[in-house]
Number of protein chains: 2
Amino acid sequence: MSTQPQLCHTSCDDCPIRHRAVCAHCDADELEKLEEIKYYRSFEAGQTVIWSGDQMSFVGSVVSGIATLTQTMEDGRTQMVGLLLPSDFVGRPGRDGAPYDVVATTDLVMCCFRKKPFEELMARTPHIAHRLLEMTLDELDAAREWMLVLGRKTAREKIASLLSIIARRDASLSMRGVSGPMVFDLPLTREAMADYLGLTLETVSRQISALKKDGVIHLEGKRHVTIPDMGRLMEEAGDDTDGGFLV
Amino acid sequence: MSTQPQLCHTSCDDCPIRHRAVCAHCDADELEKLEEIKYYRSFEAGQTVIWSGDQMSFVGSVVSGIATLTQTMEDGRTQMVGLLLPSDFVGRPGRDGAPYDVVATTDLVMCCFRKKPFEELMARTPHIAHRLLEMTLDELDAAREWMLVLGRKTAREKIASLLSIIARRDASLSMRGVSGPMVFDLPLTREAMADYLGLTLETVSRQISALKKDGVIHLEGKRHVTIPDMGRLMEEAGDDTDGGFLV
DNA sequence: CGTCCCTTTGAGGTGTTTCAACTAGAGTGG
DNA sequence: CCACTCTAGTTGAAACACCTCAAAGGGACG
């Protein structure tokens with residue numbers, strides 16, 4: 001439920017991402033030390049959190065909202081290289097410059113730590129380092145899945161892949177299963193989807209229309225999606241229907 | 001069985017990847033423990049090291065040679081998602097199934113650890129965990145760079161990008177600088193390059209011919225490449241010529 | 001009611017793929 | 001030493017998926 005989770009968080013105990021973020025494995029002691037150096041920051045939709053190339057003075061976790069990691073070429077072509085959801089970690093301990101733009105695509109709340117103190121704490125707290133390793137390995141896996149999408153899938157498959165990723169993630173956040181029809185709101189504009197998938201926004205629009213016409217998805221308005229048959233969508237995505245489904 | 005030149009390594013002290021692999025930060029004590037559980041394996045060019053979906057009983061480092069990580073769709077489309085060079089780490093502690101095919105593209109020697117003992121050792125050895133985190137973060141950065149290539153670059157830019165990556169890596173391995181002409185042998189077939197870049201092998205061939213005709217590269221035979229002007233190649237790759245160059 | 005932004009749809013152009021034929025070099029055996 | 005074969009790579013012509021440019025629709029907001 002998204003009301004005003006904002007700056008009122010002070011205790012980690014009832015933090016919504018307590019069990020999934022970098023701090024997931026921490027015990028009460030460690031949490032206390034983290035609590036001492038943490039602070040919250042809010043960003044409005046559209047605001048840039050970090051500029052590529054800038055000094056990065058903090059690291060932190062997404063508490064609520066969605067942010068994107070993007071790379072931009074000199075001529076303006078842009079590619080999204082990361083989609084940050086609640087509990088995801090931003091920033092790289094041990095590095096100063098930011099390699100990517102981080103932009104809030106919805107209103108965003110982050111739990112931040114100044115980089116230096118966090119690095120020192122991490123060096124003394126294996127639980128944090130271990131959890132960060134786990135999360136980084138997961139991200140690497142996701143990036144590699146994404147590379148298959150970018151390199152080898154057709155526009156229609158790309159859209160279907162993105163929809164199935166969002167649908168599954170949405171289900172896992174809200175603890176619903178993947179049986180029965182799935183309903184969610186797209187958190188991205190057509191342009192952001194295009195940047196995610198290496199397409200133009202027109203192609204995205206066309207393929208969404210096509211999937212709708214073929215009954216693979218239903219649309220209410222521009223953003224509200226219903227997926228009557230998840231298996232069908234996975235087929236359209238070109239995914240092994242059995243393999244990744246039941247995970 | 002082919003020749004086994006490498007199996008003579010027994011001491012980590014004179015290991016060629018000692019200072020770059022997972023064991024880089026280890027002290028003498030820790031190295032000793034690693035030494036107890038390590039063993040070498042050789043693979044011939046073309047051999048599959050690990051099949052996607054199989055149980056993974058070991059993790060390890062590439063000592064010499066080159067391996068690739070690939071994903072394959074049901075209809076046979078394949079995308080390379082990792083290029084493993086000496087010192088790179090294979091396998092994921094804490095997971096049993098292999099998510100990708102690992103294939104030796106040249107003769108390959110790996111320094112392996114049975115997974116269980118390695119995981120236990122890692123839990124007690126922050127130096128290893130820390131180094132693995134560093135390496136994973138580096139790989140994630142590389143994957144994201146690669147995503148920009150796959151999603152937004154033209155075929156010509158893709159080829160130029162791949163060549164510049166190989167050239168720079170070659171220079172860093174052999175401790176040469178990036179000034180003056182660079183000379184190296186392509187470690188990949190046209191097909192492997194295509195799988196790397198999300199192209200067909202015909203397109204790869206055509207673009208290489210085009211770059212050769214335009215004087216961006218020189219070719220001797222199919223594999224021996226000379227790059228007269230690295231800056232020119234970087235321009236062709238669509239990269240910020242100043243930024244990544246001097247690194 | 002007009003403005004602005006996001007989105008949809010159309011028509012034409014283009015870069016990459018597909019299918020196919022051909023070349024180069026390396027290894028094998030008569 | 002010369003076919004013969006095999007694999008890797010090159011090149012051409014036609015097909016097509018996606019992009020580009022352009023115009024118009026739809027909802028939110030002042």
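Here is the naming used below: chain letters follow the sequence lines, and residue numbers restart at 1 for every chain.
Between B:Ser205 and D:dA8, a side-chain N or O to OP1/OP2 separation shorter than 4.0 Å is absent. Within the 4.0 Å cut-off from OP1 or OP2 of D:dC19, at least one side-chain nitrogen or oxygen of A:Thr203 is found. Residue B:Arg223 places at least one side-chain N or O under 4.0 Å from the OP1 or OP2 atom of D:dG9. Put simply, A:Thr189 has no side-chain N or O that comes within less than 4.0 Å of OP1 or OP2 on C:dC6.
Residues A:Lys222 and A:Arg152 both approach DNA chain C. Their nearest nucleotides, taken by heavy-atom distance, put A:Lys222 toward the 5′ side. Between A:Leu188 and B:Ala155, the residue anchored closer to the 5' end of DNA chain C is A:Leu188, taking for each the nucleotide with the nearest heavy atom.
The 12-atom threshold is exceeded at CD of B:Glu202, counting heavy atoms of other residues, nucleotides or ligands nearer than 6.0 Å.
As a whole-Å value, the separation of B:Arg190 CZ from D:dA8 P is 12 Å. Rounded to whole Å, atom C1' of C:dA11 lies 13 Å from atom CD of A:Glu202. As rounded to whole Å, 14 Å separates atom C1' of D:dC18 from atom CD of A:Glu157. Atom CG of A:Leu211 and atom P of C:dT9 are 13 Å apart (whole Å).
A:Thr78 pairs by the side-chain contact (heavy atoms from CB on, under 4.5 Å) definition with A:Thr72, A:Asp195, not counting sequence neighbours.
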